[in-house]
Asker: 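Structure in C-alpha cells, see below.
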Amino acid sequence: MLRGKHLQCPSCGEELRGSRLQEAPVSLPSPFTNGHKSSCCLLIAPAHDNHTRDFSGTSDLHTGISNTKGVVYNYTQNGVQREQRGWERCISIPLVRPDMFHLLAQWDQYLERFSEGPMWDPVWQRFHEDDHNCFSFCLQFLNTVLTAEGCSSLSKEDFTRCFILPRMKRVSKYTTLVQHIEKQQFYMVDRPQEAEPSS
C-alpha cells in the first residue's frame with residue numbers, strides 16, 4: 001500500500017506511477033466481522049475491560065455464541081448476558097453449516113435452554129476466571145449440541161487448536177501488517193528468487 005508521498009519504490013527506487021500502482025495489491029480482507037450479523041457462531045472480542053477494544057495479543061478476550069438473529073449470549077460474573085450490541089468488531093467462527101436446516105431450526109431453543117441452566121446462574125455457581133468463564137460456557141454449549149446431534153465432544157485443547165488458534169494467527173498477522181502500514185506507509189513482501197535457466 002502506497003500513499004501520495006511515496007513516488008518511488010522503497011526497495012529498488014524505481015518510479016511508481018500510472019497502471020503500475022493498479023497492479024499492486026492494495027486491500028486485505030479484514031478478519032473482523034459484526035457478530036450481530038453472524039448467526040450460529042462462536043464470537044471472540046476484546047474483554048469489556050479492554051478500553052481500547054483492541055486485539056493486541058496481550059489483552060484479555062471474551063467469547064460468546066450468537067443465535068440465529070444475531071443476539072450474542074455470553075457468560076460474565078453477572079451470569080448469562082444476551083446482547084444486541086457491543087460485538088460489532090469481533091472474530092466469528094461459524095459453528096453450523098448452512099445446509100444443517102434441522103440444527104438451525106433448533107439452535108435458538110438449544111441456546112436459550114442451555115443459558116437458563118443453574119450452572120450459569122451466579123447464585124448457584126460463581127464465575128471463575130480459570131475454569132468457569134465465558135470460554136467454558138461456549139465450549140460446554142457446543143458440546144451439548146454435539147451430543148444432541150450424536151457427535152463426540154471436543155476437549156478445550158482440541159477446540160482451541162482447531163478453531164481458535166488459526167483465526168487468532170490470522171488476526172495477529174493482519175494487525176501487525178496494519179500497524180506497519182500505518183507507521184511506514186507501505187509494506188514489502190519478499191519475492192521468491194527466480195530459478196536461473198540451466199544450460
Side-chain angles (χ1 to χ4, degrees), residues 27-98 100-101 103-146 154 156 159-160 163-179 182:
S27 68
L28 213 90
S30 172
F32 304 111
T33 60
N34 182 337
H36 300 291
K37 294 183 179 180
S38 304
S39 63
C40 307
C41 292
L42 171 75
L43 304 173
I44 305 169
H48 295 296
D49 59 355
N50 177 347
H51 299 294
T52 61
R53 302 288 290 161
D54 198 16
F55 288 86
S56 67
T58 59
S59 59
D60 286 337
L61 299 175
H62 189 52
T63 58
I65 303 278
S66 60
N67 72 6
T68 60
K69 297 171 185 70
V71 175
V72 180
Y73 287 62
N74 60 99
Y75 182 65
T76 69
Q77 292 178 347
N78 299 319
V80 177
Q81 308 299 307
R82 293 157 181 85
E83 297 176 326
Q84 296 182 6
R85 59 186 171 93
W87 293 79
E88 288 78 13
R89 185 173 185 263
C90 63
I91 301 164
S92 176
I93 301 170
L95 298 173
V96 180
R97 289 191 327 260
M100 297 181 79
F101 303 113
L103 182 53
L104 289 168
Q106 296 178 338
W107 187 262
D108 291 353
Q109 184 180 5
Y110 281 158
L111 187 54
E112 188 61 38
R113 189 178 314 133
F114 178 80
S115 299
E116 290 175 350
M119 185 172 197
W120 309 110
D121 183 341
V123 172
W124 295 99
Q125 187 163 356
R126 291 181 180 249
F127 181 95
H128 187 273
E129 193 171 304
D130 295 325
D131 58 15
H132 193 71
N133 54 35
C134 60
F135 187 75
S136 56
F137 169 81
C138 293
L139 182 58
Q140 287 184 37
F141 170 70
L142 179 58
N143 281 331
T144 299
V145 172
L146 288 171
L154 291 169
K156 181 178 184 178
F159 186 70
T160 300
F163 295 94
I164 307 291
L165 288 180
R167 300 292 174 120
M168 294 309 293
K169 287 178 182 175
R170 184 173 169 224
V171 167
S172 177
K173 288 178 182 178
Y174 178 84
T175 54
T176 300
L177 180 62
V178 167
Q179 289 167 354
E182 286 174 347

Asker: So which atom in Trp124 and which in Pro118 form the shortest heavy-atom distance, rounded to 0.1 Å?
Answerer: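 Looks like CB-O, 3.5 Å.
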Asker: Looking at every heavy atom in both Arg167 and Pro94, which two are closest together, and how far apart are they?
Answerer: NH2-CD, 3.8 Å
Asker: Quick one: does any side-chain atom of Ser92 pair with a main-chain N or O of Gly35 as donor and acceptor, under 3.5 Å?
Answerer: no
Asker: Would you call Thr76 and His62 a side-chain contact if the rule is heavy atoms closer than 4.5 Å?
Answerer: yes
Asker: Could you give the distance from SG (Cys134) to CG (Leu139), rounded to the nearest 0.5 Å?
Answerer: 11.5 Å
Asker: Quick one: do Phe163 and Leu95 satisfy side-chain contact (heavy atoms from CB on, under 4.5 Å)? Show the steps, please.
Answerer: CA-CA 10 Å; Phe163 295 94; Leu95 298 173; 5.7 Å; no
Asker: Which value, rounded to the nearest 0.5 Å, describes the distance between Leu111 atom CG and Glu116 atom CD?
Answerer: 10.0 Å
Asker: Using 30° and 60° as the class boundaries, would you call the ring planes of Tyr75 and Phe137 parallel, tilted or perpendicular?
Answerer: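 It falls in the parallel class, under 30°.
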Asker: If you take all heavy atoms of Phe32 and Val171, which pair is closest and at what distance?
Answerer: CZ-CG1, 3.8 Å
Asker: What heavy-atom pair brings Leu104 and Arg97 nearest, and what distance separates the two atoms?
Answerer: CD1-O, 4.2 Å
Asker: Give, for atom NZ of Lys69 and atom CZ of Arg82, the distance between the pair rounded to the nearest 0.5 Å.
Answerer: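 One gets 13.0 Å once the value is rounded to the nearest 0.5 Å.
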Asker: As an exercise, state the distance from CZ of Phe114 to CG of Asn143, rounded to the nearest 0.5 Å.
Answerer: 9.0 Å
Asker: Do Ile164 and Leu42 come within less than 4.5 Å of each other through their side chains, counting heavy atoms only?
Answerer: yes
Asker: Supply the atom-to-atom distance Asn67 CG to Ser39 OG, rounded to the nearest 0.5 angstrom.
Answerer: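 It is 8.5 Å, given to the nearest 0.5 Å.
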Asker: If every non-hydrogen atom of Val72 is compared with every non-hydrogen atom of Gly64, which pair is closest and at what distance?
Answerer: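 What the structure gives for the nearest pair is CG1-CA, 4.1 Å.
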Asker: Would you indicate whether the side-chain heavy atoms of Arg126 and His132 approach each other to under 4.5 Å?
Answerer: no
Asker: Rounded to the nearest 0.5 Å, what separation is found between the CD1 atom of Ile93 and the CG atom of Leu43?
Answerer: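 Ile93 atom CD1 to Leu43 atom CG measures 8.5 Å (nearest 0.5 Å).
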Asker: Going by heavy atoms in the side chains, are Thr63 and Asn74 under 4.5 Å from each other?
Answerer: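 When only atoms from C-beta onward are counted, Asn74 and Thr63 do not touch, as no gap falls below 4.5 Å.
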Asker: Could you check whether any side-chain N or O of Gln140 sits under 3.5 Å from a backbone N or O of Cys138, counting only pairs where one atom can act as donor and the other as acceptor?
Answerer: no
Asker: Under the criterion ring pair (Phe, Tyr, Trp, His ring centres under 6.0 Å), which of Trp120, Trp107, Phe159 is the partner of Phe141?
Answerer: Trp107
Asker: Quick one, Ser136 and Phe127 - any side-chain contact, counting heavy atoms below 4.5 Å?
Answerer: no
Asker: For Lys156 versus Asp130, what's the shortest heavy-atom pair and its separation?
Answerer: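 Smallest heavy-atom distance, with atoms named: NZ-O, 4.1 Å.
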